[in-house]
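What follows is one structure encoded as C-alpha cells, with my remarks underneath.
If you're wondering where the values come from, they're calculated on a predicted model, not measured in any experiment. In listed order, ligands and their atoms are each counted from 1.
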Amino acid sequence: MTIKCKKCKSEAIFFQKYSGLHLCKKHFIADVERKIKLTVRKYYGIRKNDVIAVALSGGKDSAVALYVLQKILGGRPDVKLVAITVDEGIEKHRTPSLKAAKELATRLRVRHIVKSFREEHGITMDEIAVKEREKGTCSYCGVLRKNILNRVALDIGATKLVTGHNLDDEAQTILLNHFRGDMERMVRLRPPAAVEGLVLRAKPLRNVPEKEIALYAILHELPVDFGKCPYVGEAMRREIRVMLNEFEVRHPGTKYALLRGFDKLVGALAKELPPAEVSKCRICGETCSEELCQACKLLGKGKEKGMTGKV
Ligand code: SF4
C-alpha cells in the first residue's frame, strides 16, 4: 500500500515524525526551502549590494546552503554569491570533497575561491594531527579554518558569511555548552552576531534537520562527498549526537524544542549583556577578544615573541 502525501495525495517519500506529515518529493523540497527562507528572513535579511560568501566544504550541508541560496537569490543582480573552500590538508578526506565543491560551484556558476592551510598558515592538518594529537585536532582545525574564511570574506567585501550548520549541529552545540557551563559561547551562538572586523555569520540551515538536508541533496543529485574525516569530531559531541538522536526517536521534536528554548533564553539574556569587547591580534591584526587571536595562539606565534595571549 502506498502512503499518500498529506498535502496533495501523491505518493509520499518521507515521513516527518515531528510534524506527523507524510510528504511527496515536491512538498518535501518545498518544506525544506520554506524553512531556509524563513530563517534567512527572520535573522539575516538580504540587502541591496549584499556579497554573500558561502563556506563550501564539499559536504551535503554547505552544498545545500549554496544551492538553495542560488535558487532564491540567483535572479537578483544586486546580490553576489561567492563560494569559499578551505583545504585543510587532510589528504584522504579533502581530495573528494574539494572535487565535489568545485563541481557544484561550476554547475551553479558561482565564483569559487580555494585557500589552503598550507598557503595561509604554513602547515596542514595532517602535520598538526601528528604533532598535537593530545590537544584534539578539531579545535585546531575549526579555529584555523574560521580564521581563513573570515579573512577571505573581508578581502572580497562580503557582508555575510554563510556556514552549513544544521538543526542537529545547533542542538548538539547548545547541549555541549550547557554540559560545559560555557555561557559565553552560548551567547555567541545566537544569530546574528555582528562584530566589527568579523563578517556576519549566517546559518540558514539551522532550522532543518540533518536527515532532511541529506535527502534534499540526494533528490537534487548535488555533487557531495559523504565521506567522514579521519580525525572525526570531539568525543563529547559524538556522545551528545547519539543521545539526541535516541531522544528524537522517542520524543520527536526534541531538537526543535532545544533550539526554540535556546533562542528565547539567549535572546533575552543578550539584551542585558554589554557588547563583546574586541581588539586586534598583535601578531596578525585579526579581530579577537584578547592580545592574540586563537589562530596565532594555537600556532605558537605568541611564544616566539614572548607573549602570553592574555590581555
Ligand atoms: Fe577538521 Fe575535525 Fe572536521 Fe576533521 S572532523 S575536518 S579535523 S573539524
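Looking at Cys229 against ligand 1, only its side chain comes within 4.0 Å, counting heavy atoms. The side chain of Arg145, and not its backbone, has at least one atom closer than 4.0 Å to an atom of ligand 1 (non-hydrogen atoms only; side chain from C-beta on).
No hydrogens or angles considered: nothing links the side chains of Tyr43 and Asn207 as a donor-acceptor pair under 3.5 Å.
Ligand 1 places these atoms under 4.0 Å from at least one heavy atom of Cys141: 1 (Fe), 6 (S), 7 (S), 8 (S).
In this view, Asp168 and Lys255 satisfy the side chain to side chain donor-acceptor pair (under 3.5 Å) rule, not counting sequence neighbours.
The side-chain tip of Arg250 points at the ring of Phe247 from less than 6.0 angstrom away and within 45° of straight on.
Atom 2 (Fe) of ligand 1 has Cys138 among its coordinating residues (N/O/S atom, backbone or side chain, under 2.8 Å).
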Using residues 97-105 as the side-chain source, report each donor-acceptor pair under 3.5 Å to any protein atom, sequence neighbours left out, with the distance given to one decimal.
from, atom 1, to, atom 2, distance (Å)
Ser97, OG, His93, O, 3.2
Ser97, OG, Arg94, O, 3.2
Ser97, OG, Arg94, NH1, 2.5

